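Quantities reported herein were computed from a predicted structural model and do not represent experimental measurements.
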Amino acid sequence: MGCPGVAEAAAIGVPHPKWDERPLLLVVRDPGSTIGEGEIRDFLAGQMAKWWMPDAIEFVAELPHTASGKLSKKDLRDLYRDYRFADAEAMVGRD
């Protein structure tokens with residue numbers, strides 16, 4: 001959330017055929033921002049372990065919230081339950 005150009009973000013676990021689950025980062029850009037995946041990855045690189053990095057970053061117009069204003073992880077998991085990482089199937093069977 002401290003990344004310049006990012007208004008709001010949420011990470012959720014998405015099923016992965018090799019690792020059971022991997023993180024998907026959903027990002028709402030600040031108005032007028034053109035921040036891309038590379039800039040977000042660069043920002044996160046110094047703040048978390050390599051294996052915690054999201055496997056994918058998706059830019060969305062908005063994120064669902066509960067009545068109290070908190071991010072609704074339940075709704076996000078429901079919305080993205082069928083999400084598949086682009087290269088996930090190729091990783092099956094590799095060490």
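Between Ala61 and Val28, the shortest heavy-atom contact is O-CG1, 3.6 Å. Shown here for Met53 and Pro23, the closest heavy-atom pair between the two residues is O-CG, 3.7 Å. In terms of heavy-atom proximity, Ala10 sits nearest to Leu71 at CB-CD1, 3.8 Å.
For Arg29 (side chain) and Glu8 (main-chain N/O), no donor-acceptor pair under 3.5 Å exists by modelled atom type. Remark: side-chain polar atoms of Arg41 are paired, donor with acceptor, to backbone N or O of Pro54 under 3.5 angstrom. Under the 3.5 Å distance criterion, the side-chain polar atoms of Lys73 are matched with a main-chain donor or acceptor of Ala11.
Contact check for His65 versus Lys70: no side-chain heavy atoms found under the 4.5 Å cut-off. Between Val14 and Glu21, every side-chain heavy-atom pair lies at or beyond the 4.5 Å cut-off. Between Val6 and Asp30, every side-chain heavy-atom pair lies at or beyond the 4.5 Å cut-off. Annotation: side chain of Val27 is not in contact with side chain of Val60 (no heavy-atom distance under 4.5 Å).
Remark: Trp51 CH2 to Arg22 CZ distance equals 11.0 Å, nearest 0.5 Å. Of the inter-residue distances, the one linking Leu24 atom CG with Arg77 atom CZ reads 11.5 Å to the nearest 0.5 angstrom. One distance of note links CD1 of Ile35 with CZ of Phe59; it measures 6.5 Å at 0.5 Å rounding.
Remark: Tyr83 pairs with Phe85 by the ring pair (Phe, Tyr, Trp, His ring centres under 6.0 Å) rule, at least two apart or across chains. Under the rule for a side chain to side chain donor-acceptor pair (under 3.5 Å), Ser33 has no partner lying at least two apart in sequence or in another chain. Listed by chain and number, the residues in a side chain to side chain donor-acceptor pair (under 3.5 Å) with Ser68 are Thr66 (sequence neighbours excluded).
Heavy-atom neighbours of Glu62 CD from other residues, nucleotides or ligands within 6.0 Å: at or below the threshold of 12.
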| request: Step by step, work out the side-chain contact (heavy atoms from CB on, under 4.5 Å) result for Leu44 and Leu25. | output: CA-CA 11 Å; Leu44 294 174; Leu25 182 62; 4.1 Å; yes

